[in-house]
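Beneath this line is the structure, given in structure tokens, with notes to follow.
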Amino acid sequence: MPDTRIYLSPPDVGDVERKLLLEAFDSNWVAPVGPDLDAFEAQVAELTGVRHAVALSSGTAALHLALVAAGVRHGDTVLVPSFTFAATANAVMYLGARPVFIDSTAESWNVDPALVVEELRRRCAKGKPPRAVIAVDMYGQCADYDPLLDACDRYGVALIEDAAEALGASYHRKPAGSFGLAGILSFNGNKIITTGGGGMLVTDDDRTAARTRHLATQAREPLPYYEHRAVGYNYRLSNLLAAVGRGQLQRLGAMIAARRETGRHYRAALGDLPGLSFMPMAAYGESNWWLTCLLVDAERFGASRDRILDRLAAHDIEARPTWKPMHLQPVFSDCVTRGGEVSAGLFRRGLCLPSGSALTEHDRERVVDVVRAVAAEQKG
């Protein structure tokens with residue numbers, strides 16, 4: 001029997017999710033309201049250690065509404081890591097604001113706090129402070145929040161945490177998603193848990209939570225007829241998908257453990273190869289090990305990152321480059337960037353290996369065998 005395709009980070013759902021989904025279906029609570037939605041929000045709020053959670057149609061929707069809550073308007077600037085997925089910057093553009101891209105540190109691949117502080121100081125000295133700062137928790141590892149929070153407090157700028165990839169991670173034992181004005185979670189099909197699509201805004205701020213709920217339901221006023229005093233959005237998550245999310249939450253710990261085991265396996269099995277170096281793990285927190293990523297030094301390894309990608313693809317194994325930085329994206333070519341060399345290097349040499357929580361030992365060995373075969377070819 002031939003080997004099946006190995007995906008980068010596929011959904012991992014089973015009997016628990018199916019049971020809860022069918023119960024929600026049979027109850028006829030299928031719209032963006034219902035007991036599973038309420039329970040899902042309460043459970044995520046407890047997990048992230050905040051008072052409020054608002055389930056939405058996507059992590060991007062959560063980013064959009066977090067920026068609205070921060071007061072971002074047309075013509076404003078928002079500091080955004082360059083090394084991230086496009087949704088982080090796209091949400092800024094939705095509001096007519098402009099992202100200012102900030103480079104990463106080589107030590108964690110997250111946004112460089114020193115560059116954030118420098119940019120805040122420079123803009124505030126000119127009387128043109130950014131309206132907000134977005135930090136992104138890369139590949140399941142939290143950004144360094146102490147200096148970011150200190151700088152944002154000092155200059156009176158809102159901090160938003162894009163924890164789309166980081167549910168279950170922590171920073172100094174405080175859960176990902178709990179930093180700043182609001183945290184953002186994603187339940188896309190490739191994330192640590194999934195609802196098939198969806199996201200959540202989590203916050204300790206009562207006003208932010210209330211406004212997010214209001215805007216996410218078309219800004220309908222609490223009247224017996226339809227009245228709207230603001231432009232709203234159709235952003236709420238359905239009760240059916242929330243039921244799937246509740247099942248996923250029950251298995252979150254096991255899924256993190258499985259991804260951690262995969263990450264450690266790759267490090268042990270490939271760590272002796274010259275020219276390969278894995279994403280550093282910062283001492284200040286605990287990653288959820290969403291994806292295992294590494295850098296390829298082509299000269300020392302004997303082959304490029306793209307050569308490894310090609311060989312993996314030839315063996316029906318999905319792997320991907322790390323994020324292409326936003327300052328290198330054509331759509332953002334006219335945006336201001338501070339630094340950029342670190343994130344450009346991470347993209348040029350970065351490789352994400354299959355890391356799904358249902359990955360088998362045989363799957364991991366297939367991946368390892370291909371990478372080691374590429375290295376052996378060069379020596380031969």
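Looking only at side-chain heavy atoms (C-beta outward), Tyr139 and Cys293 come within less than 4.5 Å of each other. With a 4.5 Å cut-off on side-chain heavy atoms, Pro130 and Val78 do not count as touching. Residues Phe83 and Leu346 meet the side-chain proximity criterion, which asks for heavy atoms closer than 4.5 Å. Side-chain contact between Arg366 and Ile6: present, with at least one pair of heavy atoms (C-beta onward) separated by less than 4.5 Å. A 4.5 Å side-chain heavy-atom check between Arg122 and Lys126 finds at least one atom pair inside the cut-off. Using a 4.5 Å heavy-atom threshold, the side chains of Thr194 and Pro11 count as touching. Inter-residue side-chain proximity for Asp205 and His52 is flagged as unmet; no heavy-atom pair is nearer than 4.5 Å. Asp306 has its side chain within reach of Leu309: a pair of non-hydrogen atoms, C-beta onward, lies under 4.5 Å apart.
Using a 4.5 Å cut-off between side-chain heavy atoms of Ile, Leu, Val, Met, Phe, Trp and Tyr, with links allowed through other members, Val117 and Leu159 fall into different hydrophobic clusters. Both Val72 and Leu63 sit in one connected hydrophobic cluster of ILVMFWY residues. Membership requires side-chain heavy atoms under 4.5 Å apart, directly or through other members.
Annotation for Lys19: atom NZ does not count as buried by contact number, only 12 or fewer foreign heavy atoms lying within 6.0 Å. Within 6.0 Å of atom CD in Glu299, 12 or fewer heavy atoms from other residues, nucleotides or ligands are found, so the atom counts as exposed in its surroundings. Counting non-hydrogen atoms of other residues, nucleotides and ligands closer than 6.0 Å to CZ of Arg213 gives a total above 12. Within a 6.0 Å sphere centred on CD of Glu46, other residues, nucleotides and ligands contribute 12 heavy atoms or fewer. For Asp15, the CG atom is loosely surrounded, since the number of other residues' heavy atoms within 6.0 Å does not exceed 12.
Under 4.0 Å is where a charged nitrogen must lie from a carboxylate oxygen, and between Arg320 and Glu318 at least one such pair does. Taking a cutoff of 4.0 Å between a charged side-chain nitrogen and a carboxylate oxygen, Arg246 and Glu41 do not qualify as a salt bridge.
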Practice task
Could you walk me through whether Val367 and Arg364 pass side chain to side chain contact (heavy atoms under 4.5 Å, CB included), step by step?
Solution key: CA-CA 5 Å; Val367 175; Arg364 290 195 295 261; 5.8 Å; no
Exercise for the section: Begin with the C-alpha distance, continue with both residues' side-chain angles, and end with the deciding distance and a verdict on side chain to side chain contact (heavy atoms under 4.5 Å, CB included) for Leu351 and Leu295. Expected result: CA-CA 6 Å; Leu351 172 65; Leu295 298 179; over 6 Å; no
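Phe40 CZ to Gln248 CD: the interatomic distance, rounded to the nearest 0.5 Å, is 8.5 Å.
A donor-acceptor pair is defined here as one N or O able to donate and one able to accept, closer than 3.5 Å; no such pair exists between the side chain of Glu17 and the backbone of Val244. Judged purely by atom type and a 3.5 angstrom limit, Asn239 uses its side chain to pair as donor or acceptor with the backbone of Trp29.
Between Tyr171 and Phe179, the angle of the ring planes goes over 60°, which puts this pair in the perpendicular group of the 30/60° scheme. In this structure, Phe332 and Phe101 have perpendicular ring planes: the angle between them is above 60°, well past the 30° mark. Classification of the Tyr94-His64 ring pair by plane angle, with boundaries at 30° and 60°, yields perpendicular.
The cationic group of Arg220 lies under 6.0 Å from the six-membered ring centre of Tyr226 and within 45° of the ring axis, placing it in a cation-pi geometry. A cation-pi geometry, defined here as NZ or CZ lying under 6.0 Å from the six-membered ring centre and within 45° of its normal, holds between Arg305 and Phe347. Cation-pi check for Arg5 over Tyr7 is met; the charged atom lies under 6.0 angstrom from the ring centroid and within 45 degrees of its normal.
When the options Asp144, Val133, Val116, Asp162 are evaluated for a side chain to side chain contact (heavy atoms under 4.5 Å, CB included) with Val111, the one that passes is Val116. Checked options Asn188, Val13, Leu21, Leu237; the residue passing with Thr195 is Leu237 (criterion: side chain to side chain contact (heavy atoms under 4.5 Å, CB included)). Checked against Glu286 for a side chain to side chain contact (heavy atoms under 4.5 Å, CB included), the options Arg173, Arg260, Met281, His172 give a single hit: Arg260.
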